[in-house]
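Only a predicted model underlies this, so the values are computations on that prediction, with no experimental measurement involved. Along the sequence shown, residues are numbered consecutively beginning with 1. As a basis for the values below, the full set of heavy atoms in this structure was taken, side chains included, without hydrogen atoms, waters or symmetry mates.
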Amino acid sequence: MPIASASAPQRTLTSQLNWFACLSITAFGFALLYFAHSSKHIAVWDVFALISLGIVGTWRWSLFLLRGIRSRLYLNWTFPRWRRRADAIAVEQLPLVCLLVPTYKEKPWITERVFRAIVQEAKTLAQPIVLLTNSSSDEENAFIRQVLESEDPELRSIHLIQMVQHDGKRQAMADGLRALARHNLPADTVIALMDGDSELAPGVLRQCLPFFRLFPRLGALTTDELPVVKDSYLFSEWFQMRFAQRHQQMCADSLSGKVMCLTGRFSLFRSEAVLQPSFCEQLENDSLDDWLWGRFKFLSGDDKSTWFWLLRRGYDMLYVPDALVYSIETLSGSAVDRAYDNMRRWYGNMLRNNSRALALGPNVTGYYLWYGLLDQRISIWTSLISPSCLLLSLLQGHFIAAGIIASWILFSRSFMLLLLFQGRAADPKPIHLPILLVTQWSSSLVKIWTQMNLAKQRWANRDNQSLSAEGTGRERLAKLGISRFLLASQVFSFAIFLLWLNGILNPLWDLEGLHLKFTAAQQAVVQEIDAIDHGIVPSDGNDDAAVLQALIDRQPLDKTIQINLPIGELDLFEPLSLDRSHLRLKGQGVNRTILQAHFNATADTAMLMVSALRAGQPELVADVQTTANPEQKPVQDVQISGFTLRYSPSKPDLAKQPSNGLILDDVTQATVSNLHLEHGIRYPFVLTRSQHVVTQYVTAEDEVDHSKIVMNDAVGSELDRSAK
């Protein structure tokens with residue numbers, strides 16, 4: 001039989017080589033990171049991606065380091081003080097202990113090993129223990145009695161109660177607790193719930209029972225574990241690593257008087273809690289009321305059910321790091337299949353209990369434990385960031401970035417192993433590094449699938465029991481369809497996040513680009529016409545207004561037309577009237593394209609007139625309110641830009657009668673931009689019955705009174721009155 005020891009044994013040469021190898025891997029990873037730390041090597045990630053990675057890394061590593069610090073405080077400061085007080089309690093003062101052991105078709109050598117250890121532990125106590133076994137058959141019960149009597153022929157150290165289970169482990173445990181409740185046990189009795197493949201190390205009961213005397217609010221405690229695995233080296237090392245992780249977390253949690261789980265391998269409970277009817281009921285019929293799957297019972301996870309019952313009622317829970325139980329594992333068939341089945345069962349139990357524990361709030365659970373429960377939800381996705389970024393970098397050919405990620409993984413995970421195995425009886429080994437990586441990444445994938453299929457349960461090493469709440473017919477199709485849709489949606493969102501981190505996608509910019517493309521697609525196609533190609537020649541002394549007016553009039557009304565004016569002076573011997581919608585009149589720039597008016601102005605004329613009326617226009621600038629034709633549609637979508645307006649009347653004696661610059665009558669949605677008004681302009685703009693007119697970058701010479709903008713019944717306009 002192995003010897004239990006809470007402290008690390010003296011290091012052998014093999015042990016020292018293992019530590020040296022792991023330290024070398026850590027140093028090598030750190031050296032690679034140091035030589036690749038130049039900023040040019042991480043240019044494949046933008047600043048937002050680096051900030052996001054930094055936030056995720058800070059969250060994950062702050063919890064890991066905090067857990068490590070709390071674990072060291074518990075092991076080196078808090079628990080040693082408790083141990084000294086516990087050891088001062090005499091064995092005669094310890095409470096009565098009852099062991100409830102449901103066992104199901106275990107191999108005979110395992111059963112013999114487990115129950116011999118129980119007898120040996122019973123002999124170390126001052127009063128006999130109560131041992132209740134609930135096995136698969138009378139034959140198995142007979143074999144258990146035979147083993148016990150071979151160690152204690154008259155069973156003086158044990159009061160044996162035997163039962164046969166008929167409906168699974170949960171029912172067997174609940175039936176056993178109800179049987180113990182009928183025996184009128186002392187009020188301070190301690191009851192152990194343990195598996196039929198858990199072997200007690202020497203002294204474990206003597207080490208644990210005093211804490212129920214020290215702490216009146218202690219509802220339960222659990223112990224350290226070491227694996228005993230047959231026929232698989234990798235499976236054994238996997239369990240060694242998992243128990244090292246469990247040890248650190250349990251120590252950190254116990255500093256707050258709570259733990260994350262009361263393992264079903266071996267945990268001790270105060271009888272006042274476990275013998276209550278509600279405890280037995282939850283243990284037997286624990287269930288979850290899920291929004292998708294409805295109410296369904298838990299197949300396994302009895303340790304989580306007992307833990308949640310105590311947590312909800314405010315009991316303290318404790319981890320005893322120097323008490324040891326050996327977890328015996330046998331393997332038949334594929335180690336990968338067995339590991340997958342175990343992870344599905346473990347993580348399913350975790351996820352089914354996580355949400356309801358979080359719902360209790362930090363005031364019930366304690367802030368540190370609540371923080372850990374929240375991290376269980378987040379780490380499902382964050383654990384996949386590093387391998388996903390590594391894969392994407394390789395696919396993109398960013399080999400320097402891939403090297404940085406690989407160096408970080410090498411350094412961080414090997415450093416993590418060194419911290420996990422510090423003070424353990426087992427040593428960190430190089431084989432633990434790939435085991436840790438595969439476990440972290442594969443467990444995330446299992447959790448992602450499981451969280452959307454909480455009602456699917458299977459217990460492979462219990463006669464391959466299974467349970468589901470899918471229903472039948474249309475109900476089943478609907479539930480499975482929603483489950484798969486939510487799973488695909490989460491995976492898709494995570495993929496978009498990863499592509500953004502790696503610079504392949506930028507969702508914000510891409511969405512804006514799609515919006516711009518959609519907006520452009522909705523806009524009408526603009527047909528551009530160069531005026532110079534239609535007889536409008538600058539500085540030729542001919543009337544360009546008549547030719548330009550004819551060009552505008554013959555354009556189809558169902559298209560958006562842009563007429564590009566040439567560079568030079570265009571002579572207007574009459575006002576230019578724009579009486580159609582969707583028209584753009586564009587020059588080549590201020591002082592490059594000049595519209596020069598030679599006609600004699602009147603009060604109701606302007607160089608450019610945008611109006612639905614062609615003749616008989618009413619007074620536009622007088623104090624007379626004009627009336628629109630109710631059957632006439634306003635001119636819409638007009639843009640005028642890029643030229644200079646100059647007034648040069650044909651009769652010099654009329655030069656004192658200035659012209660209006662631009663009249664907009666019954667116009668909706670017009671833009672006037674990049675214009676310059678020279679001398680001889682009476683009113684720069686006259687707006688009548690016009691809506692949503694915008695002027696931008698319109699300048700005027702000093703003698704032009706740019707503040708005189710006439711607005712009659714004009715709303716929703718933004719006019720630039722300040723430009724000069």
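For the pair Ser267 (side chain) and Thr263 (backbone), a donor-acceptor distance under 3.5 Å is present. Side chain of Glu199 to backbone of Ala117: no donor-acceptor contact under 3.5 angstrom is found. A donor-acceptor pair under 3.5 Å is formed between the side chain of Gln457 and the backbone N or O of Leu299. Judged purely by atom type and a 3.5 angstrom limit, Gln207 uses its side chain to pair as donor or acceptor with the backbone of Asp322.
Applying the side chain to side chain donor-acceptor pair (under 3.5 Å) rule to Thr382 yields the partners Arg60; only residues at least two apart in sequence or on another chain are considered. Considering only residues two or more places apart in sequence or on other chains, Ser150 meets the side chain to side chain donor-acceptor pair (under 3.5 Å) condition with Arg116. Listed by chain and residue number, Lys429 satisfy the salt bridge (charged side-chain N to carboxylate O under 4.0 Å, His left out) test with Glu237 (two or more places apart in sequence, or in another chain). By the salt bridge (charged side-chain N to carboxylate O under 4.0 Å, His left out) test, Arg213 pairs with Asp188, sequence neighbours left out.
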Practice task
Report the C-alpha separation of Asp341 and Arg338 in whole Å, then their side-chain angles, then the decisive distance to 0.1 Å, and conclude whether the salt bridge (charged side-chain N to carboxylate O under 4.0 Å, His left out) test is met.
Solution key: CA-CA 5 Å; Asp341 288 333; Arg338 176 65 180 277; over 6 Å; no

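Applying the salt bridge (charged side-chain N to carboxylate O under 4.0 Å, His left out) test between Asp87 and each of Arg85, Arg83, Arg84 identifies Arg83 as the sole match. Partner Tyr319 forms a side-chain contact (heavy atoms from CB on, under 4.5 Å) with one of Met260, Arg246, Gln249 and no other, that one being Arg246. Exactly one residue among Phe30, Trp61, Phe415 makes a ring-ring contact (aromatic ring centres under 6.0 Å, His included) with Trp408. That residue is Trp61.
Two rings, from Phe79 and Phe211, have their centers less than 6.0 Å apart.
By the 30° and 60° cut-offs, the orientation of the rings of Trp238 relative to Phe235 is tilted.
From Thr124, atom OG1 reaches atom CG of Leu200 across 10.0 Å, with rounding to the nearest 0.5 Å. If you take NE2 on His247 and CG on Leu75, they are separated by 4.5 Å, rounding to the nearest 0.5 Å. Rounded to the nearest 0.5 angstrom, His159 NE2 and Gln127 CD are separated by 13.0 Å. In this structure, CZ in Phe266 is found 14.5 Å from CG in Asp303, a value given to the nearest 0.5 Å. Note that the OG atom of Ser386 and the CH2 atom of Trp441 stand 7.5 Å from one another [nearest 0.5 Å]. Going from atom CD1 of Ile378 over to atom OG of Ser383 covers 11.0 Å, rounded to the nearest 0.5 Å.
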Could you pull out all donor-acceptor pairs under 3.5 Å where a side-chain atom in residues 350-360 meets a protein atom, sequence neighbours excluded?
residue	atom	partner	partner atom	Å
Arg352	NE	Gly348	O	3.3
Arg352	NH1	Leu454	O	2.6
Arg352	NH2	Asn349	OD1	3.3
Asn353	OD1	Arg356	NE	3.1
Asn353	OD1	Arg356	NH2	2.5
Asn353	ND2	Asn349	O	2.8
Asn354	ND2	Leu373	O	3.0
Asn354	ND2	Gln376	OE1	2.8
Arg356	NH1	Asp286	OD1	3.1
Arg356	NH2	Asp286	OD2	2.7

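Salt bridge status for Arg424 with Asp224: present, with a side-chain N to carboxylate O gap under 4.0 Å. The pair Glu272-Arg270 fails the salt-bridge criterion, with no side-chain N (NZ, NE, NH1 or NH2) lying under 4.0 Å from an Asp/Glu carboxylate O.
For the pair Pro430 and Cys22, the tightest heavy-atom approach, listed with the atom from each and the gap, is N-SG, 3.9 Å. Taking every heavy atom of both residues into account, Leu100 and Gly176 meet most closely at CD1-CA, 4.0 Å. In plain terms, the two heavy atoms of Arg413 and Leu437 that are nearest each other are CG-CD2, 3.3 Å.
Applying the side-chain hydrogen bond (donor to acceptor under 3.5 Å, both in side chains) definition to pairs two or more places apart or across chains, those involving residues 273-282 are Ser278-Trp309, Glu281-Asn285, Gln282-Arg312.
Geometrically, Arg70 engages Tyr368 in a cation-pi contact defined by less than 6.0 Å to the ring centre and at most 45° from the axis.
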